[in-house]
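The structure appears below as structure tokens.
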Amino acid sequence: MTTATIPIQTGLPKEYMGLSASEWQARIAQAKATLGQDLLILGHHYQRDEVIQFADLTGDSFKLARLAAQNTTAKYIVFCGVHFMAETADILTGPEQVVVLPDLNAGCSMADMANPDQVDECWETVTDVFGGTTVPITYVNSAAVLKAFCGRHGGAVCTSSNARKILTWALAQGERVLFFPDEHLGRNTALDMGMTDKELVVYNQQTGQFEWLPGQTPQHVKVILWKGFCSVHQRFNVAQVEALRKQYPEIQVLVHPECNHDVVAAADMFGSTEYIIAQVEAAKPGTVWAIGTEVNLVHRLAKQHPEQTILSLNPIVCPCTTMSRISPEHLTWALESLCRGEVVNQIQVPSEVAEFAKLALDKMLTIA
Ligand code: 13P
Ligand code: SF4
């Protein structure tokens, strides 16, 4: 499989370091006015407030992929999110549209847990051990080259807001699914669909081995789960749920499906970031929430809904450090460069990868 190299961010030009808030505020507003309709800024919900305020459109990863696919007019799409999201936008937009990621170090540690060599090795092992038809499904949190792998092998992409629909579709196409790179989204979705633990097996990409349950055989398996995880969402646990339920008996616990299954099982609801926002927006004044997802979003919801009590499920949880790489200073630099006619940090997926990755993304957009 072709490996795309992720470029590393070279230093931010000196003149952009240490800009005051009032400076970047004014300069970003000016650059946006100059670029006008040529510019579309997309912002993921985990972005910090200082950055998300400049987004023309915000969303979870599925909504942002759809918005990128629908936009045919903006010359420049500046993506305030992480690398795989910008790659997805590049694949789904026209060849003349330019996608920019203000800081190239904005990656995703979970996406980095699956690389093409590991997936090739896993695919061979799966073919040897299981035979028959396996359909590969990649969570959108993955490199474009892995989306292309799914496109080449009759599979699809999914996000946390449509994993159930995609998994249902995939199981109708073959005997089983290889789901990567998030073990937890895969398990939570499969169990929610009514599958049992025995129908799921974990593939450890470090050892190249399956982690069989006692008495489990390949005949039992419907979903093979890659052993990847999100370090932010692994910071939530059942003890936190229990402690908050004791303190606030009326509390509603709302978590992202990248959390461990025991946390999801102990919660009242789970879903994507867009789903989490929708639940809070629909709730009555006085509702008390414990939310298990990235803390920038939780704090924003708390600020936007003072009529409710909104707490982070983990009071000391840290933000997603890679999402936080997008700073107002980087955004100022990226936008002012565009105003000067200079494109910095363009995300361009090679055409031979984009062609097949688009097959897998289009499959998701059609099914979802
Ligand atoms: P959403 O699709 O819910 O926005 O999640 C993306 C993500 O990276 C969560 O960690
Ligand atoms: Fe990746 Fe986790 Fe950050 Fe989402 S929160 S972008 S999965 S590291």
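Both counts, for ligands and for their atoms, begin at 1 and track the order of listing. Computed from a predicted structure; not experimentally measured. Residue numbers count from 1 along this sequence.
Atoms of ligand 1 lying under 4.0 Å from at least one heavy atom of S272, given by number and element, are 3 (O). Taking a cut-off of under 4.0 Å to the non-hydrogen atoms of C230, the atoms of ligand 2 that pass are 2 (Fe), 5 (S), 7 (S). Counting the atoms of ligand 1 from 1 in the order shown, those under 4.0 Å from a heavy atom of H44 are 1 (P), 4 (O), 6 (C). Residue H256 has at least one heavy-atom neighbour below 4.0 Å for each of these atoms of ligand 1: 1 (P), 3 (O), 5 (O), 9 (C). If you number the atoms of ligand 1 from 1 as listed, the ones under 4.0 Å from a heavy atom of H233 come out as 10 (O). Residue T273 has at least one heavy-atom neighbour below 4.0 Å for each of these atoms of ligand 1: 1 (P), 3 (O), 4 (O). Proximity to S109 (heavy-atom distance under 4.0 Å) selects the following atoms of ligand 2: 8 (S).
Counting only non-hydrogen atoms, the option in A111, G59, C108, S160 that gets closest to atom 1 (P) of ligand 1 is S160.
Under the 4.5 Å side-chain criterion, counting only non-hydrogen atoms from C-beta, H261 is not in contact with H184. Side-chain contact check for F149 versus P136: some heavy-atom pair is nearer than 4.5 Å. With contacts defined as side-chain heavy-atom distances shorter than 4.5 Å, the pair R325/H330 does not qualify.
Ligand 1 has no atom lying under 4.0 Å from any heavy atom of T159. Put simply, part of E258 is less than 4.0 Å from ligand 2, judged by heavy atoms. Contact between Y46 and ligand 1 is present, with at least one heavy atom of the residue lying under 4.0 Å from the ligand.
For C108, every N, O or S atom stays at 2.8 Å or more from atom 2 (Fe) of ligand 2. Put simply, C320 gets within reach of atom 3 (Fe) of ligand 2, with an N, O or S atom under 2.8 Å from it.
Contact annotation for N141 and ligand 2: only side-chain heavy atoms (C-beta onward) come within less than 4.0 Å of the ligand.
Remark: the T217 side chain and the Q219 side chain contain an N/O donor-acceptor pair separated by less than 3.5 Å. Between the side chains of T134 and R176, at least one donor N or O lies within less than 3.5 Å of an accepting N or O.
When only non-hydrogen protein atoms are considered, atom 2 (O) of ligand 1 lies nearest to S61 OG, 2.5 Å. With hydrogens left out, the protein atom closest to atom 10 (O) of ligand 1 is E258 OE1, 2.8 Å, a heavy atom. Nearest protein neighbour of atom 8 (O) of ligand 1, counting heavy atoms only, is N141 ND2, 3.1 Å.
Considering L171, I166, V221, L225 in turn, L171 is the only one that fulfils the side chain to side chain contact (heavy atoms under 4.5 Å, CB included) rule with V177. Each of E183, M110, Q118 was scored for a side chain to side chain contact (heavy atoms under 4.5 Å, CB included) with W226, with one residue passing: Q118. A side chain to side chain contact (heavy atoms under 4.5 Å, CB included) with D90 is found for one member of L101, V99, V98, I77 and no other, namely V99.
Between E87 and K147, none of the side-chain N atoms (NZ, or NE/NH1/NH2) sits under 4.0 Å from a carboxylate O, so this pair counts as no salt bridge.
Q252 contributes no side-chain N or O that, together with a main-chain N or O of W289, makes up a donor-acceptor pair within less than 3.5 Å.
Counting heavy atoms of neighbouring residues, nucleotides and ligands inside a 6.0 Å radius, atom NZ of K32 exceeds 12 of them.
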